[in-house]
Amino acid sequence: MKILMCLAVVALGGCKAESPTFDRSKFDPAINAEFRQYARDYLFVLHPSCDLTKNRESLSKIEDFKRGWLSLKKANAETPFAVEIAIAEADHEYEYANRPVVECPIPDDDGTDPQLKYTFFKLQALLAELRKIASGKPKEWSEIGNTGEN
């Protein structure tokens, strides 16, 4: 029975001997895991439980970070990082759907401004880190907070 099912799958074109356009064996699993964790963090910060602002300028910055994510995703579509991006997005969708209900502050209230500034800082740092890892630069070059001073 197994043989018949395999033959049916092959006949329908479901089993192809072609390899993907990239070779995963050339990449370090630890680097891929690091990339995936940064991607998950980026999505978590990009889509908070509460809206922090309704200010057009701030919303425009958030849209820029969403475009940055799409650009990163497109640039890595044919790399092993595409798998990590897909996993991070699936994890985010699951976690976002299962977040507990929280009481949100009033957008643009006095207490949200520092949080909004931190959000922009964090998104910028995470996106820079993701781009550096994807570019293949050595890890020591891509540490967040590295000032480059010795």
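This structure is a prediction, so every number in the text was calculated from the model and none was measured.
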Got a sec: does the CD of Glu95 have more than 12 other heavy atoms crowding it under 6.0 Å?
yes

Write out all pairs satisfying salt bridge (charged side-chain N to carboxylate O under 4.0 Å, His left out) with one or both partners inside residues 61-75, taking only residues at least two apart or from two chains.
Glu63-Lys66, Asp64-Arg67, Lys73-Glu89

Output the distance between atom CZ (Phe81) and atom CG (Leu130), rounded to the nearest 0.5 Å.
9.5 Å

Drop me the distance from Cys50's SG to Arg99's CZ, to the nearest 0.5 angstrom.
9.0 Å

Tyr96: partners by ring-ring contact (aromatic ring centres under 6.0 Å, His included), with sequence neighbours left out:
His92

Gap between atom CZ of Phe35 and atom CZ of Arg40 - 0.5 Å precision:
13.5 Å

I would like to know whether Phe120 and Ile62 meet side-chain contact (heavy atoms from CB on, under 4.5 Å); could you show each step before the answer?
CA-CA 8 Å; Phe120 292 151; Ile62 293 169; 3.7 Å; yes

If you round to the nearest 0.5 Å, how far is CZ of Phe44 from CG of Leu123?
12.0 Å

How far apart are the closest heavy atoms of Tyr42 and Trp69, and which atoms are they?
CD2-CE3, 3.5 Å

When rounded to the nearest 0.5 Å, the distance separating CD of Gln37 from CD1 of Ile87 is 12.0 Å

Taking atom OG1 of Thr119 and atom CG of Leu52, what is their separation to the nearest 0.5 Å?
5.0 Å

Co-membership, hydrophobic cluster, residues Ile106 and Tyr118, 4.5 Å side-chain:
no

I need the full list of side chain to side chain donor-acceptor pair (under 3.5 Å) pairs touching residues 50-60, with sequence neighbours left out, sorted by first then second residue.
Thr53-Asp108

Heavy-atom closest pair, residues Ser49 and Cys104
O-SG, 4.0 Å

